[in-house]
**Student:** 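Below: one structure in structure tokens.
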Amino acid sequence: APGVYLFKDEQGGIIYIGKAAGLRSRVRSYWNVASWAERPKLAVMMPRVAHVDTVLTNSEKEALILEATLVRKHMPRYNVHLKDDKRYPWLAITYDESFPRLIMVRDPIRFKQQNPKARVFGPYVETGAMWETVKVLRKVFPMRQRKTPLFKDRPCMNYYIGLCLGPCQKMVEEGFYNRMVEQVELFLAGRQREVVLQLRQEMEQAAERLDFEQAAKIRNRLFTLTRVIEKQQVFFQDSQISQDVLAEAHTDRLVCLCIMRIREGKLTSSETVCLPLVDKTRWDEAFQSFVDQYYTACEDIALPKEVLLQHRLEDSEALGEMLSQRAGRQVKVSVPTRGEKTALIEMAGKNAMQALEKQSEEDSSESQKILAVLVKLKEELELTRLPRRIECFDISNIQGVDNVASMVVFENGQPRKSDYRHFKVKSVEGKADDFASMKEVVGRRYRRIIESKKALPDLVIIDGGKGQLNAALEALSELPPCQIDVIGLAKKQEEVYFPQKQEPVALPRRSEALHLLQRVRDEAHRFAVNFHRKLRARRALVSGFDALPGVGPARRKSLLEHFGSFDRLKQATLEEIRAAPGVPGSLAERIYTALHGSEDGTNGSQTG
């Protein structure tokens, strides 16, 4: 049967999500070791798979939609994602409010749940191109920009510079404003010719009413819009052509894709996106995943009549069926082999190749720069090996309260946030002892690393001077012998402390090696302080009701409404607690005992 399969590790975390027209044969194929040579990614992923879950669907089309939804939700490690650290931007028209606005959103699914009447357009893989579109639209269609009025008795500056019609002060009729919003929607959907015809008709009607001032305003808007549209090259005499063209170019480590959108015979946009091929992912897997995730997220109004692909997909029929159903008309997915359509594929491929070459040059230049800094750091600190992986520790507390520590990781000069760790210090309570705290967290970290036989870092940085460094070294001396370079970095003079040297070393202030150490140290400090503030805020919000046994959110609310405060509850007798709504007799006794202590004199909870 068709459906979706989820590979999970020993901890139950989802590491890969896939779809298949036949689940049984597809899932079994992953354990064919002979195929791992052709797909190196499986040799890395499959040893980590401990559990397999499946979800049956009625059709391959439903499996396609479900897979894309689950990938966006869970972001499994071995799936290809549209973005590493953030979602692509979308444009949304907020029809849920009077005088709708045009805004940018990052999560269209959540936004639509909160604003069901809104319309979203995208995703825009190039943020700069999206903001250029917004800039043009705000000049031609001056929609409201602020969610709430800036002033009570007058419009804001946007009104006076022609970027808003002043609906907050009732300076525009709602009917006129809504017609303008509909034109914005048509423009974003690629139906620009209809917008031009509507504006020209409005201009002529205003002139017939002898409202020449309004006609002149519409003429100016029409002129700006026409000038923008004319910049787009016409490819076909047939103005009804509506196509998306997708092509790619790739290396062993990177794949770049180009999306050309043709609406009404004109090239309305051409965007490129580059995806790193991590964990030995193949370029064809990345191409397939990108197309599936992109089109399952597209709004139906923005869908073309035809999607032209450079390579055939294994689920082309399911994709075409899904797009046709969402668009309410036939949407064809094809791989052209001759004619004008292949010329479009070649053009998109050239754009993808240009983006690939540019990105490769930038990556190569950045890699060489980072390598030079790491070599410089190794030389200046006389390290035993190149510090490709750096781990840094910092302690944060206020007079010993909420004593926490942080560890951040930098690989090849860049933060690896997935490896960041928090620690709650257990051995030091009620007093500020950074030395003991540092010894505990360093010992906990590397004892676990050694026991699990994982790779040790190349360099460990301790935020602090000689005292903190010695505490970390003492923790490492109690572990099995391991070769790690450890240094301390003091804040005041930015001095570097070494285990075998009494005096610190001061690196040149303009040294890029020192700048890297400072970046790592400052990131560890930020991470520790944020965690400390979070714990402190959480503790400030804790109520005595939270510590009562057998009392969940519903009973907590009921007790608070009945007694009015925790102090009133503490003063209540056992009979009064029993009389509270929703509190059985046995639970009332447990609450009373927790508040006042048992008969043998044991103290109960005294949390205030």
Side-chain angles (χ1 to χ4, degrees), residues 6 8 11-14 51 53 55 66 69-70 72-75 94-98 105-118 147-148 396-406 421-426 428-431 527-608:
L6 300 89
K8 298 183 178 181
Q11 289 74 37
I14 300 174
H51 309 281
D53 287 349
V55 181
L66 179 59
T69 302
L70 293 177
R72 284 192 292 269
K73 179 180 179 181
H74 297 287
M75 301 290 285
T94 59
Y95 282 118
D96 296 81
E97 56 185 354
S98 57
V105 296
R106 289 284 183 185
D107 191 342
I109 296 178
R110 180 179 297 179
F111 181 79
K112 286 281 287 182
Q113 290 174 348
Q114 298 173 351
N115 306 271
K117 295 181 180 179
K147 187 174 183 179
T148 57
S396 181
N397 63 75
I398 295 180
Q399 296 180 346
V401 179
D402 294 325
N403 202 359
V404 299
S406 70
R421 294 293 181 269
H422 285 135
F423 299 88
K424 289 184 180 180
V425 179
K426 303 175 182 178
V428 181
E429 296 182 1
K431 60 179 180 179
F527 200 51
V529 169
N530 285 351
F531 185 48
H532 171 77
R533 288 173 177 168
K534 186 183 298 184
L535 290 184
R536 192 174 62 196
R538 189 184 303 167
R539 181 170 52 82
L541 295 174
V542 170
S543 165
F545 289 99
D546 298 321
L548 296 177
V551 177
R555 283 204 176 105
R556 186 187 312 137
K557 181 179 179 181
S558 177
L559 287 172
L560 180 60
E561 291 176 350
H562 183 75
F563 290 100
S565 68
F566 184 71
D567 290 335
R568 293 278 301 276
L569 176 62
K570 289 173 65 177
Q571 297 170 6
T573 63
L574 178 58
E575 288 72 19
E576 290 175 333
I577 298 177
R578 283 175 175 165
V583 180
S586 58
L587 178 59
E589 293 178 2
R590 293 174 61 191
I591 294 174
Y592 186 82
T593 301
L595 293 171
H596 302 284
S598 59
E599 295 180 355
D600 60 4
T602 304
N603 289 331
S605 171
Q606 298 298 322
T607 305

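Heavy-atom basis, side chains included; hydrogens, waters and symmetry copies ignored.
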**Student:** Determine yes or no for a side-chain-to-main-chain donor-acceptor pair under 3.5 angstrom, with Arg555 supplying the side chain and Val583 the backbone.
**Tutor:** no
**Student:** Is any side-chain heavy atom of Lys424 closer than 4.5 Å to a side-chain heavy atom of Leu535?
**Tutor:**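 Of all side-chain heavy-atom pairs linking Leu535 with Lys424, at least one is under 4.5 Å.
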**Student:** Tell me, do Leu569 and Leu595 make a side-chain contact under 4.5 Å, heavy atoms counted?
**Tutor:** yes
**Student:** Hey, what do you get for CZ (Phe563) to CD (Glu576), rounding to the nearest 0.5 Å?
**Tutor:** 6.5 Å
**Student:** Testing the basics here: between Glu589 and Arg578, what is the closest heavy-atom pair and its distance to 0.1 Å?
**Tutor:**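 For Glu589 and Arg578, the tightest heavy-atom pair comes out as OE2-NH2, 2.7 Å.
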**Student:** How far apart are the closest heavy atoms of Ile577 and Tyr592, and which atoms are they?
**Tutor:** CD1-CD1, 4.0 Å
**Student:** Check Ser396 against Val529 and note the closest heavy-atom contact, atom names and distance.
**Tutor:** OG-CA, 3.9 Å
**Student:** Supply the atom-to-atom distance Ser406 OG to Arg421 CZ, rounded to the nearest 0.5 angstrom.
**Tutor:**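 Spacing of OG (Ser406) from CZ (Arg421) equals 12.5 Å.
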**Student:** So, Lys117 and Glu97, do they make that salt bridge, N to O below 4.0 Å?
**Tutor:** no
**Student:** Look at the side chain of Asp96 and the backbone N and O of Ala118, then say whether any donor-acceptor pair between them is shorter than 3.5 Å.
**Tutor:** yes
**Student:** Say you draw a straight line from NE2 of His532 to NE2 of His422; how long is it, rounded to the nearest 0.5 Å?
**Tutor:** 12.5 Å
**Student:** Could you tell me which non-hydrogen atom of Phe531 sits nearest to which non-hydrogen atom of Phe423, and how far apart they are?
**Tutor:**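 Looking at all heavy atoms of both residues, the closest pair is CE2-O, 4.0 Å.
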**Student:** Under a 4.5 Å cut-off applied to non-hydrogen side-chain atoms, are Val404 and Phe527 in contact?
**Tutor:** no
**Student:** Hey, could you give me the NZ/OG1 distance between Lys147 and Thr94, rounded to the nearest 0.5 Å?
**Tutor:** 9.0 Å
**Student:** Is it the case that the side chain of Ser558 and the backbone of Pro581 share a donor-acceptor pair, with hydrogens and angles ignored and the cut-off at 3.5 Å?
**Tutor:** yes
**Student:** Taking side chain as C-beta onward, heavy atoms only, is Ile14 less than 4.5 Å from Asp53?
**Tutor:** no
**Student:** Any chance you could measure Leu70, atom CG, to Met75, atom CE, to the nearest 0.5 Å?
**Tutor:** 13.0 Å
